[in-house]
Amino acid sequence: MRTVEPKILYFGTPIALISSLNEDGSTNLSPISSFWALGWTMALGLLNDAKLAENLARHPECVVNLPSPSMWQMVEKLAPLTGKDPVPELKSKQFRTEKDKFAAAGFSRRDSELVRPVRAAECPVQMEARVLSRHEMGGTKLAELGGGLVAVVEIVRVHACEEFLKGDSDHIDPHKWSPLVYNFRHYYDLSDTELGKTFRA
């Protein structure tokens, strides 16, 4: 065992594309890999200087779009883009402003049913959400990135492609569905081999 200091702690986390409302009424699309769910409540980890953080503070609605592993190159096209103009100083070497991220990455828009930001039509799971609260995060390493916050959202409607469902049920079949996983800045899908199931001896 060796003591290490990795730059990031993404030990295999799913990627989401978050749709949020810009000040002009258009929809921004932001990739994130810091989020988790408890029931239908979800915590989204955001950097303070992100356009997404600004948008959620102004208009507390979003869509959590889950891309499939085959979309990793589309997601990667979003990686160097920001909806901020001008680009924040900490991001100026790697990022450029892009007003239409949907077009830049090859995604198309689909109207939401309960919230104003549109959905990313190609994503097989799309979850409309409303912001419940926002909380500043501390930490020295995070401060070096400009600080961050957690936006707690409640999912109010879930859309899923029928091909990933178990028959006529509301259950997503884990044998058919795999999220796009971000593992220390590398893209993966889940293994085809099931190791086991919870609550089963």
Side-chain angles (χ1 to χ4, degrees), residues 1-23 26-38 41-67 69 71-102 104-105 107 117 120 123 127 129-155 179-188:
M1 190 68 73
R2 184 158 56 96
T3 301
V4 297
E5 286 196 26
K7 290 183 179 180
I8 55 173
L9 300 177
Y10 293 144
F11 289 91
T13 58
I15 287 177
L17 304 179
I18 310 298
S19 305
S20 62
L21 203 67
N22 292 320
E23 56 270 30
S26 63
T27 297
N28 184 57
L29 194 62
S30 304
I32 70 168
S33 51
S34 299
F35 74 99
W36 61 274
L38 183 62
T41 299
M42 191 170 286
L44 312 177
L46 320 171
L47 292 176
N48 282 339
D49 65 358
K51 184 67 175 179
L52 175 56
E54 175 188 312
N55 283 352
L56 293 183
R58 186 184 56 257
H59 184 84
E61 293 182 333
C62 65
V63 181
V64 181
N65 304 281
L66 300 184
M71 297 176 185
W72 76 267
Q73 290 174 310
M74 298 168 73
V75 173
E76 181 60 16
K77 287 179 181 178
L78 291 168
L81 306 181
T82 178
K84 285 234 175 181
D85 188 12
V87 178
E89 186 176 347
L90 284 174
K91 293 184 174 181
S92 59
K93 291 183 179 180
Q94 288 183 298
F95 287 77
R96 64 178 174 84
T97 299
E98 175 57 59
K99 293 298 184 185
D100 189 351
K101 292 188 187 176
F102 281 82
F107 288 100
C123 289
M127 298 177 283
R130 294 194 178 102
V131 178
L132 298 175
S133 60
R134 294 179 299 116
H135 308 274
E136 287 292 325
M137 297 176 67
T140 304
K141 298 287 189 184
L142 186 57
E144 292 172 1
L145 299 175
L149 61 90
V150 172
V152 179
V153 305
E154 182 177 20
I155 304 302
L180 175 59
V181 173
Y182 199 51
N183 188 358
F184 289 98
R185 293 185 174 165
H186 296 263
Y187 296 103
Y188 291 91

Nearest 0.5 Å, what's the [atom1]-[atom2] distance between [X] and [Y]?
{"X": "Y10", "Y": "N183", "atom1": "OH", "atom2": "CG", "result": "12.5 Å"}
{"X": "I15", "Y": "E76", "atom1": "CD1", "atom2": "CD", "result": "8.5 Å"}
{"X": "L17", "Y": "F102", "atom1": "CG", "atom2": "CZ", "result": "8.5 Å"}
{"X": "C62", "Y": "N28", "atom1": "SG", "atom2": "CG", "result": "11.5 Å"}
{"X": "I8", "Y": "K141", "atom1": "CD1", "atom2": "NZ", "result": "13.0 Å"}
{"X": "I32", "Y": "L78", "atom1": "CD1", "atom2": "CG", "result": "12.5 Å"}

Exercise for the section: Could you give me the CA-CA distance, side-chain angles and deciding distance for K99 and D85, then say whether side chain to side chain contact (heavy atoms under 4.5 Å, CB included) is met? Expected result: CA-CA 9 Å; K99 293 298 184 185; D85 188 12; 4.0 Å; yes
Work out which heavy atom in [X] is nearest to a heavy atom in [Y]; give both atom names and the distance.
{"X": "M137", "Y": "V150", "result": "SD-CG2, 3.4 Å"}
{"X": "P69", "Y": "P179", "result": "CG-O, 3.5 Å"}
{"X": "P67", "Y": "A16", "result": "CD-CA, 4.3 Å"}
{"X": "P117", "Y": "S19", "result": "CB-O, 3.7 Å"}
{"X": "F107", "Y": "C123", "result": "CE2-SG, 4.0 Å"}

Problem - Mutual orientation of the aromatic rings belonging to Y187 and W72 [parallel < 30°, tilted 30-60°, perpendicular > 60°] - result: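 Judged by the thresholds at 30° and 60°, the geometry between Y187 and W72 is tilted.
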Practice task
Not counting sequence neighbours, list each pair that qualifies as a side chain to side chain donor-acceptor pair (under 3.5 Å) and has a residue in residues 86-98.
Solution key: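 Qualifying pairs: R96-E98.
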Problem - Residues that Y188 engages under ring pair (Phe, Tyr, Trp, His ring centres under 6.0 Å), provided they are two or more places apart - result: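 By the ring pair (Phe, Tyr, Trp, His ring centres under 6.0 Å) rule, Y188 matches no residue at all.
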Check: residues 48-58 side-chain donor-acceptor pairs under 3.5 Å, at least two apart:
residue: N48; atom: ND2; partner: E136; partner atom: OE1; Å: 3.3
residue: K51; atom: NZ; partner: E23; partner atom: OE1; Å: 2.8
residue: K51; atom: NZ; partner: E23; partner atom: OE2; Å: 3.2
residue: K51; atom: NZ; partner: E54; partner atom: OE2; Å: 2.8
residue: E54; atom: OE1; partner: K84; partner atom: NZ; Å: 3.4
residue: N55; atom: OD1; partner: R58; partner atom: NH2; Å: 2.8
residue: N55; atom: ND2; partner: S20; partner atom: OG; Å: 3.0
residue: N55; atom: ND2; partner: L21; partner atom: O; Å: 3.4
residue: N55; atom: ND2; partner: N22; partner atom: OD1; Å: 2.9
residue: R58; atom: NH2; partner: L21; partner atom: O; Å: 2.7

Handout entry: S30 and K101, any side-chain heavy atoms less than 4.5 Å apart
Key =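 Yes, close enough: below the 4.5 Å cut-off.
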Practice task
For the pair I18 and V64, evaluate side chain to side chain contact (heavy atoms under 4.5 Å, CB included) and give the outcome as yes or no after the intermediate values.
Solution key: CA-CA 5 Å; I18 310 298; V64 181; 3.8 Å; yes
Practice task
Among L66, V63, N65, find the residue that satisfies the side-chain contact (heavy atoms from CB on, under 4.5 Å) test when tested with M127.
Solution key: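 One option only clears the test, and that one is L66.
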Practice task
Apply side chain to side chain contact (heavy atoms under 4.5 Å, CB included) to L142 and L47, showing your working.
Solution key: CA-CA 8 Å; L142 186 57; L47 292 176; 3.9 Å; yes
Handout entry: Backbone of S33 reached by a side-chain donor or acceptor of T13 within 3.5 Å
Key =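 Flag set: sc T13 to bb S33 pair under 3.5 Å.
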Handout entry: side chain to side chain contact (heavy atoms under 4.5 Å, CB included) assessment of E144 paired with T140
Key = CA-CA 6 Å; E144 292 172 1; T140 304; 4.1 Å; yes
